[in-house]
Amino acid sequence: MESKSTELSSQYNPKDVENRIYRRWMESGFFNPDKRPKSKSYKLKSKSFSVVVPPPNITGSLHMGHALNATIQDILVRKKRMEGYKTLWLPGTDHAGIATQNVVEKDLKKEGKTRHDLGRERFISRVWEWREKYGNIILDQFKKIGSSLDWSRTRFTMDSEYQEAVKKVFVYYYKKGWIYRGKRTINWCPRCATSLSDLEIEYKEEKTKLYYIKYDMFSVATTRPETKLGDTALAVHPSDMRYQKYIGEAIKIQSVDPAIPAGDQPKLKEISLKIIADTSVDPAFGTGVVKVTPAHDLADFEIYQRHPEIPVMQVIGENGRMTHEAGVRYAGLKTKEAREKIAEDLASLGLIEKVEEYTHNTSVCYRCSSVLEPIFSTQWFMKMEKLSQQAIRAVGSGNVRFHPKRWEKIYLDWLKNTRDWCISRQIWWGHQIPVGYCVACGTIKLEPKTKGNWYFVRHGETDWNIVRRTQGSSDIPLNETGRLQAKGAGSTLKERHIDLIISSPQKRAKETAEIIARELGGVEIIIDEELRERHYGVLEGFTLAEAEAKGIVTFRGESITGSGFTPPDGETLEELEARVNETLHRHKKQHAHKNIVVVSHGATLRTLFRVLRRLDIPQAKILPPMHNAQIMHFGIAPQACKCGSDFIEKDENVLDTWFSSALWPMVTLGWPKKTKDFKTFYPTQVLSTARDIINLWVGRMVFSGIELAKKTPFKDVIIHATILTKDGKRMSKSLGTGIDPLDLIERFGADATRFGLIWQAMGNQDMHWSEEHVIAGKKFANKLWNASRFILGKIGDLSLPLAHAPKPKTAADKKLLSALAKTKKQLEKHIEKYEFGQAIHLFYEFFWHEFCDQYLEASKQQFANPDLAERTQQILIHTLADSLKLLHPFMPFVTEEIWRHLPKKTNLPLMVEEWPK
RNA sequence: GGGCGCUUAGCUCAGUGGUAGAGCGACUGUUUUACACACAGUAGGUCCAAGGUUCGAUCCCUUGAGCGCCCACCA
């Protein structure tokens, strides 16, 4: 450990130092609060200090915001650790549902596949693979900047304990009546194919047209004429004198007839709309009359809630296209296409009064920027009223404090008027909702248990599938793709403890069954003649086009399987139903407690599902077709539902990512178990984060903590500055305006990068990034290095710690020591107030100008005087030691490296040395 | 439409009710036994504008302008 200044080069080179120092810290174990130094020269505190890192998405890589936030947290944590607190800074990552799913889907796309080609389970294992490979990259990047995180406690929002906790929370809220399932109008992203919450919306300005459409004597303005097809009322303000006499009346208006095929000239059709009164209508805007489309406008849906007597009509589907309810004229068109088409039709029918240019904000998806469509949909919701109040109270009472204070307003304003939170998402990657339903009647079963499981599998692909040729009784074998699909299905079914496979005798099914059996390590196969495909009579072996071309039969846009049509000489759906029903119940009786795979065919399985769901033939249209080798899973409940059926199916939805991240500070520390960590470290002290997730995340953590763990999860919320480009633009990877902190670390060192970030983080306003401060940081590290070299060369045999703090002898001594004392005091104050920029400016001024420029120069004179030499040595080493300690939280690498070279009686790393008072 | 923040040296930003500061840059010296990634100096500002409060305003108040951000169901 003893070393001479001559060993130190005249320049500080961070590259030689940083990785080595970080390794030393890791090896010391001191990031872990359970492994504090034993031979401490000062008293350790029993009090804890804990911070949980805002978990970065596993899809992310370190950006400037992370770098700043990591530095802020590291400063706090390192200081508290040096003060002797039992200090924990806990790392981890977020599964980031939609974001991650999108990334993996993009990855799949390169192979020409969609997630539907894999099926849910194999897609999910693919995401896990992805996360194994890339999910921890960002955590390694946190190491590069010097974060003193306790890696032994790394958590992930999808690890198994976390999943259990999330389930428990769902069940808790459900039983309390705060989570409910309901059909409401929600924001829908057609590209991500999922619902979104109110906070997951962004707005984009769009130039569009405002159409004034005639509704009889009224004129109604809209930017979305296609929603006219879903109008179910007109609304006026109750005290609007112009329209008073119409309120409550149904008026007849001329509209376009959506039943006329698209190719034909548009025709008029008389429809009837009720006029209702609602205070949300602004009589001063436009004509004071509003069309009400409850299914496709959030505001209109609220009007509907106040006027439940009006109907709801859904004309836009989840694919972002017009539904058949919109009428054949528009069905299948994208909303934008339908908008143009209907505007054209209305104009040619003389129903458009005028069109104005108009600029407004369109809502877009925060993950993929697609235009959102409000649609009417069954979702899970969390009642927000009580939870919001609790979160409001936490700030009102001072239990949670924002720094700077003004962010309180953002938080409170949102909480004061939250709508119920839509927590279900229709994606696959995430925490699945722990609920099942009776297959027949839909009754909700919480955390359903099963005594047996049925996996219905459609056969893999054949060559006839590709060309969509009916292959009812035709015995076509699997093709290469089909065999791979079957193998995939088999691997999905591994670990499902399959006892038995029952298969149709036809080649395509039997081969599928055999491949699955092989994948499962040899499971018994029973062949059941009754599981064969429906016989299509004269249509056997034809594609629809061929059948129509030969005049055998004519369909209008309907598939054979989807319609109730029976081809001549074909099997009727009633006959099919009878055989399927008999077969199902026969096997159910025989194999009640087993896990069974049934391999069959499209039409047969469809009829089977229709029987299980108790749908009649026309209703069966709602059943989606099964892909090749797709698996449908139904469980057998130990007890039958009131309706008599004992088949249950799982809810397919997953929870909003923020539902689980809301539990982060609790669950990472062990909740709901009363673990030692939970008792020691919950609640945490500080949360440092970016301002854009104040409501999305901070608010939800606060009410979750209060409601579930009975304590607010943290006391102080630091909202750090947002780093912008020099021109004040947002840093964005896609625009190429981003700065990579790893690049800065590479060029200038981690300490310099931290210095540059903190130096600019003044007053918590946005910072316009400027690299020169990182360069200043590099120079400062060098200054520190050289001052230390000088001092090491002057102090003779002295070693740390000194028996006493040295007393000043000369005026220069006095000035320096009083400046040091003042610096300690003010630095302390700044850090405690989270004024990190001010703190580093202060220290810089002291060290560079007062210590180096003045005292070091003065010391050269003092060494010439033998009476002063020893005291000067003491003051130099004392001031240097204190300086290194004070700076260590800000610039940990260089300070630690210098500390290593100081002559000392003990051998502790600087990171656990005592904070100077 | 509502709210918030910002406007100070060439650039990035501190700051104070009493003659205005840092870092970087520019310029002039200095290779003086830690550091030229340094040292000693110098120049450079109607503190966005107008009005008000005050003995005195860059700071407090009002209004306005510019920039940025957030929220919002004005169809």
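Letters A, B, ... are given to chains in the order of the sequence lines, protein chains preceding strands, and every chain is numbered from 1.
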Confirm from the modelled atom types if Glu857(A) and A34(B) form a donor-acceptor pair under 3.5 Å, side chain to base only.
yes
What I want to check is whether an N or O donor and acceptor connect the side chain of Lys409(A) with the base of C4(B) at under 3.5 Å.
no
Pro374(A) backbone acceptor or donor facing His296(A) side chain under 3.5 Å:
yes
Distance check needed: [N] [atom2] versus [X] [atom1], whole Å only.
X: Phe843(A); N: A14(B); atom1: CZ; atom2: P; result: 22 Å
X: Arg224(A); N: C74(B); atom1: CZ; atom2: P; result: 13 Å
X: Met767(A); N: C6(B); atom1: CE; atom2: P; result: 15 Å
X: Arg184(A); N: C73(B); atom1: CZ; atom2: C1'; result: 14 Å

For Tyr358(A), enumerate each residue passing the ring pair (Phe, Tyr, Trp, His ring centres under 6.0 Å) test, keeping only those at least two apart in sequence or located in another chain.
His360(A)
With C1' as the reference atom in both, quote the distance from G15(B) to C37(B) in angstrom, rounded to an integer.
28 Å
Could you tell me how far U33(B) sits from G10(B) if I compare only their P atoms? Round to whole Å.
37 Å
Would you say [X] places a side-chain N or O within less than 4.0 Å of OP1 or OP2 belonging to [N]?
X: Arg419(A); N: C73(B); answer: yes
X: Trp759(A); N: A22(B); answer: no
X: His841(A); N: G23(B); answer: no
X: Gln760(A); N: G23(B); answer: no
X: Lys860(A); N: A34(B); answer: yes

Nucleotide nearest Thr222(A) (side chain, heavy atoms from C-beta), chosen from C24(B), A75(B), G5(B):
A75(B)
Walk me through whether Phe890(A) and Phe843(A) qualify under ring-ring contact (aromatic ring centres under 6.0 Å, His included).
CA-CA 10 Å; Phe890(A) 298 85; Phe843(A) 182 84; 7.7 Å; no
Taking only residues two or more places apart in sequence or in another chain, which ones pass side-chain contact (heavy atoms from CB on, under 4.5 Å) with Met313(A)?
Thr232(A), Val315(A), Glu325(A)
